[in-house]
Amino acid sequence: ASGDVHKVANFLQPAGMPAVSTALNGQNIADPLDSGSTTRITNRSLWGTGPSMVDINQGQVGDCYFLASLQAFADKTPGRLQEMAVDLGDGTYAVQFARNGVKTFVRVDADFPLAPWGGEYYAHPNGNGPIWGLVMEKAYAYYRTGANTYASLNYGWTGSVYSDLGVANSSFVTSGNLNNLYNTLSVATSSHATTIITNTNIVGGASLIGSHAYTIVNVYTDGNGVQWATLRNPWGYDGIGSDSNSGDGLVAITLANIQANCSMGSISL
């Protein structure tokens, strides 16, 4: 009656791969084609006490646009994010996508590519934290283009991720009056998932990674009247430049530097 229950008639069958059963018996589901050696994560919660930005830590594939979008939802609309994936109770998970209004359910197990140095090769949890980021990344490797590879996640636009998750969104540009940009981001970051992608070349000594996606957490004005934005790097650490806590991924950038180094971003509606 609440609208939160879905009957799943079938799961996505990746091209050239076995059909994915709806029987919940903990079966081993085929992994993306370029998974290599895998490690199975057991006895770990999908959501923990609820999704948080710190659960997102990017690995060895260029899907910052995807993970920055996920952490933006975790920051502003965690309940909405939790409607997109569920623990099926048998060691497998279902993730819902909704491209162009058509819902598709992808089922994955808890086998994740193993890094040569140990741990997960791609997205990885924060310590012993929840694994929703890994699960959703693996599901997107099947869904995004049908290539069924982690490599197919390289490079993209945050707005496309929002759309693939069934979330209406709009784009904003950074050009023009700086106060107008501040006002746009102030409203956006109050309750909407907000992301931005940097230009290839970073100028002005800004502590930003080129051709990279960030979550915009908030904007504020300091005592000198300078306008700032707090961003989170989906790497899980600051990257170029750092503050007193370089391991949290949060970086403070002046709005002037954002305007100089970014062109567009996305806002959930």
Nearest 0.5 Å, please: how far is [atom2] in [Y] from [atom1] in [X]?
X      : Y      : atom1 : atom2 : result
Ser163 : Asn100 : OG    : CG    : 8.0 Å
Arg144 : Tyr150 : CZ    : OH    : 14.5 Å
Asp87  : Leu46  : CG    : CG    : 6.0 Å

Checking side-chain polar atoms at under 3.5 Å, does [X] have a donor or acceptor matched by the opposite partner on [Y]?
X      : Y      : value
Asn218 : Thr189 : no
Gln227 : Asn179 : yes
Asp164 : Tyr140 : yes

Other hydrophobic cluster members with Phe105, side-chain heavy atoms of Ile/Leu/Val/Met/Phe/Trp/Tyr under 4.5 Å, chained?
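Listed partners: Val8, Phe11, Val20, Leu24, Ile29, Val86, Leu88.
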Establish whether [X] and [Y] are linked, either directly or via other cluster members, by ILVMFWY side-chain heavy-atom contacts under 4.5 Å.
X      : Y      : value
Leu250 : Leu67  : no
Met53  : Phe73  : no
Tyr65  : Leu208 : no
Leu81  : Phe66  : yes
Ile197 : Leu255 : no

Side chain proximity check, [X] to [Y], heavy atoms < 4.5 angstrom:
X      : Y      : value
Asn154 : Val61  : yes
Ile253 : Asn261 : no
Leu12  : Tyr142 : yes
Ile267 : Thr184 : yes
Ile56  : Arg232 : yes
Val251 : Asn233 : no
Ser268 : Lys76  : no
Met264 : Trp157 : yes

According to the interplanar angle, ranging from 0 to 90°, do the rings of His212 and Tyr214 count as parallel (below 30°), tilted (30 to 60°) or perpendicular (above 60°)?
perpendicular
Lys/Arg cation over aromatic Phe112: Lys138, 6.0 Å, 45° cone:
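Positive - Lys138 is close enough to the ring of Phe112 and near enough to its axis.
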Side chain to side chain donor-acceptor pair (under 3.5 Å) partners of residues 88-97, not counting sequence neighbours, each pair once:
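Residue pairs with at least one partner in residues 88-97: Asp90-Thr92, Asp90-Arg107, Thr92-Arg107.
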Give me the atom names and distance for the closest heavy-atom approach of Val219 to Ala229.
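Shortest heavy-atom separation between Val219 and Ala229 comes out as CG1-CB, 3.9 Å.
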What one should report as the nearest heavy-atom pair of Asn57 and Val54 is ND2-O, 3.5 Å
Option from Thr254, Thr221, Asp222 for which side-chain hydrogen bond (donor to acceptor under 3.5 Å, both in side chains) with Trp228 holds:
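The passing option is Asp222.
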Apply ring-ring contact (aromatic ring centres under 6.0 Å, His included) to Tyr182 and list each qualifying residue two or more places apart in sequence or on a separate chain.
none
